[in-house]
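To find a chain, count down the sequence lines: A is the first, B the second, and so on, and within it residues start at 1. Because the structure is a prediction, the values reported are computed rather than measured.
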Amino acid sequence: MEGAASAEKRSVEDFRVRVHGGPHPLRAGSEGGATTFGRDDDAGWAPRPPDDANASRRIVAHFDVDAFYSQVEELRDPRLRGRPMAVTQKFLIVTANYAARSAGLKKLMSTTKAKALCPEVALVSGEDLTPYRACAKKVRAALERFGTCEKLGLDECWVDLTAEVDRRIAAGGPASDPPLVGHRHSSEHVVESDNAHRPMDIRAVDPERTNASDGVHHPVPPRCEDGADPDANPDVSDPARERRLRVGAAIAAEARDAVRSATGLRMSAGIAHNKMLAKLVSGLHKPDDQTTLPAGVAAKLVSPLPVRALPGVGHGAERTLVHRGVRTAADLRRVTRSEVCEWLGPRVGRKVHDAAWGVDREEVAPKPAPNFVTCEDSFRSCTTWSSVDAVLAVIAPDLLARMDEEYEDEVERTVGAGALIPAGRAARTLTVKWRDVGPGGKGTGWSRSSASTTMPTLANDRSIDAKRRADALREAATRVLRSELTRGFDLRALNVGAGNFEPKAVTLNKRPGVEAGCVSGSSGIDVGTGRAAPHGSAFAAMNARRDYDRGGGRMSKTEERALSERERGLGGGVFGGGLNGGGGGESSDVFAEPLRDQDEDEEDGDSFYADLADVQRSSAMPSIGRVQSLVPRKRGAEQASLLSFFKGPSKR
DNA sequence: TGGGGTCCT
DNA sequence: AGGACCC
């Protein structure tokens, strides 16, 4: 590869002088307005960490639903479309549609400020995530037909398009060499962030934006001669790589169409050779558009970015790095890998150092079933045991509903993948978390405390009355809190969680991810758990923070949402049109081999290069053939009846 | 300053 | 159990 260990030595001293003494690399001026990140100032001194051997072949897309919660709410209530609208949780804007954004609303802004900026804005409470979870499931079902899918949060996922790209190229014909669809990021583009607090949200400033009404800008890249290093000049591209990216872009466009016809949701996408770069570029031409990143442009895109924009760098790491004068990815490229590992720890250090060079060796790997489900509410005040009980009366039924959802997902996953009996997802642990600003609490800060106990068996028992289950949950949670909150309290938030689920299902054909052997008791096959019946008085203030000391609460979030919909004159029902077309997509890939095992031995900065050969070997042989085809696998009649047996008659 | 999650220490 | 990270 690039070798060049010679240049590494002088880096440390020179770097400190240069960065500390020199001009601030980021933010050439501008308070409050858009921040434009400067161009790459030059090549680094420390060596580029090598990519794995697969890097040029792999094609990864990152998909991101635009203003997800807002779009979902617009689907549910068409009256909201075209008007400025935002989704709130308590008194925060969590997302705003584009009409509201153009009035200046931003993510995580207070509702007060939002209303000041845009008095006509419609605010919709998004504290109950149920509808968003349901939509997210359909989105993933549509995307999974195009390759292995890895979810990140509710509204984002990566899809490994490599196998489908290979298939199309092998098949020949027009689809094997399509024109580029969407944007191609070139080194002519400048990147900016319009929110000083969120430097990771970046977008491209198109040099020809003045007349970019068609939303397409893709200059034909010059070709490089045979055998030339495709990274030597970022805008001179290797034809084979460019072609694979173009095929990937075509697939991504189809995938976005598929999601849109299945759900009505619009999304943006980024197409690149690895997960990190795909994610970085997916937002460059948001909304409803996609961006492809040629291999050679990666370093140019990344280096002017503030370190905070690199995945893996949060508040803590940013502070540490900035304290040492490292503000941008380009700065990171001038220090050695071992230094970064010293500052941030080996794990984060490696990841961040790689990211600064646009290197990411992670495979797209489906997320296994969640280890925890939790429900939370926050409020202005909660100082008495009776108000604690009022909070628990709200969130305990919600947690049970989540646990049951998890059970159903597990049935679908395990029976759908060939299990004889779904083991159930009975939770063994109950965790309670809280934020206490009272005398016994942690005082200021936002830190939370937590404690856990054994999950009462009654809570797992789907065969009994929902109220008895909720009571068991509340009782156990209260016992934990009583033993922790001994010196008086003033809670701002309370969270209950269920986790440490019992072992997984028995399968016919044993595949990794599903352990054989064990089906344990307690998980009744029973069905028909209803949600807690509505109880308590009408509850108005949609966006008010509940104050349990003054009698707020008493209604689960699901019920609360239904009520607020009734008040808005909606059916109160589930989704209108558009959301039911999702059929198909019975993921056959949920249990796709979690390939690899990139040995995770302690490798710090220095041993890194020595170990690289192993990394290359283990990741050089993957993915092709894991995704069988675009046709969802049929489920046998036997399995279908098993499924309906375990799931029982559909509720809702 | 929300309501979720993950992983590491 | 708590902290850091992600959305």
Contact class for [X] vs. all strands (heavy atom < 4.0 Å): base, sugar-phosphate, or nothing?
| X | result |
| --- | --- |
| A:V313 | sugar-phosphate |
| A:S110 | nothing |
| A:A451 | sugar-phosphate |
| A:K279 | sugar-phosphate |
| A:R308 | sugar-phosphate |
| A:G312 | sugar-phosphate |

In the 5' to 3' direction, the nucleotides of DNA chain C bounding the stretch that comes under 4.0 Å of a heavy atom in chain A are C:dA1 to C:dC7
Problem - side-chain contact (heavy atoms from CB on, under 4.5 Å) partners of A:A114, counting only residues at least two apart - result: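 Listed in chain order: A:I93, A:L105, A:M109.
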Carboxylate-amine/guanidinium contact A:D354 A:K351, below 4.0 Å:
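Judged by the 4.0 Å cut-off on N to carboxylate O distance, A:D354 and A:K351 do not form a salt bridge.
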A:R425 with A:E502: basic N within carboxylate O range, under 4.0 Å =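 Judged by the 4.0 Å cut-off on N to carboxylate O distance, A:R425 and A:E502 do not form a salt bridge.
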| task | List for me each residue that meets ring pair (Phe, Tyr, Trp, His ring centres under 6.0 Å) alongside A:F379, sequence neighbours excluded, and say none if there are none. | result |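 A:F379 satisfies ring pair (Phe, Tyr, Trp, His ring centres under 6.0 Å) with A:Y548 only.
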By salt bridge (charged side-chain N to carboxylate O under 4.0 Å, His left out) - contacts of A:D360 (at least two apart):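 A:D360: no salt bridge (charged side-chain N to carboxylate O under 4.0 Å, His left out) contacts found.
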By salt bridge (charged side-chain N to carboxylate O under 4.0 Å, His left out), A:D66 pairs with (sequence neighbours left out) A:K286
Start with the C-alpha distance between A:E73 and A:Y132, add both sets of side-chain angles, then the distance that settles side chain to side chain donor-acceptor pair (under 3.5 Å), and finish with yes or no. CA-CA 9 Å; A:E73 297 301 342; A:Y132 311 135; 2.5 Å; yes
**Item:** Nearest heavy atoms of A:V259 and A:L265, plus distance in Å
**Value:**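 In terms of heavy atoms, the two residues are closest at CG1-O, 3.9 Å.
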Quick tally for nucleotides 3-8 of chain B: nucleotides whose base has a protein heavy atom under 4.0 Å get B, sugar-phosphate-only ones S, the rest -, giving SSSSSS
- Query: Separation of A:L344 atom CG from B:dT9 atom P, in whole Å?
  - Reply: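 Checked: the CG to P distance equals 12 Å.
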